[in-house]
2 protein chains.
Amino acid sequence: MMALDEIDHALLRALGQDATQSAGALGREMGLSQPATWRRIRRLQEAGIITGRKLELDAGKLGFGVTVFLGIKLATKGRVSLEDFERAVSAIPEVQTVEHILGMYDYRLRVTARDIADFERVLRRRVMTLPGVGSVDANVLLSEERRPGPLG
Amino acid sequence: MMALDEIDHALLRALGQDATQSAGALGREMGLSQPATWRRIRRLQEAGIITGRKLELDAGKLGFGVTVFLGIKLATKGRVSLEDFERAVSAIPEVQTVEHILGMYDYRLRVTARDIADFERVLRRRVMTLPGVGSVDANVLLSEERRPGPLG
DNA sequence: CTTGAAAGGAGCTTGGT
DNA sequence: ACCAAGCTCCTTTCAAG
């Protein structure tokens with residue numbers, strides 16, 4: 001396990017908010033030279049702490065106005081059943097996230113669709129026909145706030 | 001609403017997977033010059049379609065081994081109650097995501113903690129004491145897969 | 001083992017065509 | 001849209017704390 005000092009945490013916090021900031025600008029704000037800052041960032045990547053940089057997209061502006069969270073209980077939960085379910089769910093393009101969880105549900109899916117009619121199509125033709133599905137609960141996303149969290 | 005052609009979608013798809021790719025490399029793969037590619041990306045940002053670039057972190061390697069999803073029902077759901085709840089929940093550092101939803105639950109929280117004992121502390125001292133909370137359901141994250149989704 | 005300065009190379013950003 | 005030029009930033013090398 002890699003030891004992180006305060007500067008590393010500050011870097012993670014700053015880059016977590018906006019990953020476009022340059023190593024030079026970040027270093028200047030915390031009294032560090034550009035190469036030193038850049039090396040710390042590379043070290044965090046090599047340690048597997050930073051796993052990637054991804055875009056944040058506005059789904060609404062891309063014509064996907066509906067996001068629904070599905071809580072799924074499987075009818076049969078053998079090992080084969082889980083694998084079958086996961087393979088089949090990975091083939092649904094509208095599924096953005098697959099979370100295998102422990103509790104009232106077995107899986108939680110984040111599904112995005114153009115509108116409610118589009119969502120109904122995905123639900124009926126794709127989700128309800130997944131292998132091993134027992135029950136499906138739905139929640140429609142109204143708004144979402146992402147916070148920095150304790151990481152960093 | 002901005003019109004996107006196939007190249008824009010290809011760019012969003014490629015950058016969605018790995019936002020570190022250079023405009024030059026992306027353009028080369030789809031037969032476009034570096035400035036042309038870069039201008040398309042900037043256009044997508046100015047249109048608000050690309051809202052930011054953020055780091056993906058490995059919570060486990062940062063010492064946060066437990067992620068739990070909480071489904072919360074409010075006891076009283078007036079307008080004031082929602083605002084009180086949202087303000088209070090935003091002050092909990094362990095909450096990474098606050099989703100206001102419509103369905104069986106009113107809110108969904110993504111909470112990260114160092115271990116189960118740490119999570120119990122957050123749940124008892126922070127979550128259960130939130131204003132207006134009626135009931136709390138929990139699901140522990142076992143594994144998570146993020147997929148490109150239909151965006152792009 | 002981490003730092004800073006310098007230098008080379010890659011990529012961004014702009015202006016002209 | 002492309003090209004070219006100037007500029008920023010990344011990345012390596014080297015010497016020093």
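Any value given below was found using the heavy atoms of this structure, including those in side chains, with hydrogens, waters and symmetry copies removed. Lettering of chains follows the sequences in order, A, B, ..., and the numbering in each one begins at 1.
- Applying the 4.0 Å criterion to OP1 and OP2 of D/dT11, one finds that A/W38 has a side-chain N or O inside that range.
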- Apply salt bridge (Lys or Arg N to Asp or Glu O under 4.0 Å) to A/R110 and A/E144, showing your working. CA-CA 13 Å; A/R110 183 187 181 116; A/E144 186 172 31; 3.0 Å; yes

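- Under 4.0 angstrom from either OP1 or OP2 of D/dA1 there lies at least one side-chain N or O belonging to B/R40.
- When the C1' atom of D/dC9 is taken as reference, atom CD of A/Q21 falls 14 Å away, rounded to whole Å.
- A salt bridge is absent between A/D115 and A/R121; no separation between the charged side-chain nitrogens and carboxylate oxygens falls under 4.0 Å.
- The pair B/R146-B/E56 meets the salt-bridge criterion, since a charged nitrogen lies less than 4.0 angstrom from a carboxylate oxygen.
- Counting any heavy atom pair closer than 4.0 Å across all strands shown, B/A25 reaches no nucleic acid atom.
- In this structure a side-chain-to-backbone donor-acceptor pair under 3.5 Å is present from A/Q21 to A/D18.
- Mapping heavy-atom proximity under 4.0 Å, the span of DNA chain C touched by chain A runs 5' to 3' from C/dT2 to C/dA6.
- Dense packing is recorded around CD of A/E46, with more than 12 heavy atoms of other residues, nucleotides or ligands lying under 6.0 Å away.
- Residues B/R53 and B/Q45 bring a donor and an acceptor atom of their side chains to less than 3.5 Å of each other.
- Look at CZ on A/R28: it is 10 Å from P on D/dT8, rounded to the nearest Å.
- For A/R39, the listed nucleotide lying nearest its side chain is D/dT13; candidates were D/dT13, D/dC3, D/dC2.
- Computed from coordinates, the A/R43 CZ to D/dC10 P distance equals 18 Å when rounded to whole Å.
- Residue contacts shown for A/S22 are limited to sugar-phosphate atoms, with no base heavy atom under 4.0 Å away.
- Residue B/I7 contributes atom CD1, which lies 9 Å from atom P of D/dC2 at whole-angstrom precision.
- Remark: C1' of D/dA1 and CG of B/D8 are 14 Å apart, rounded to the nearest angstrom.
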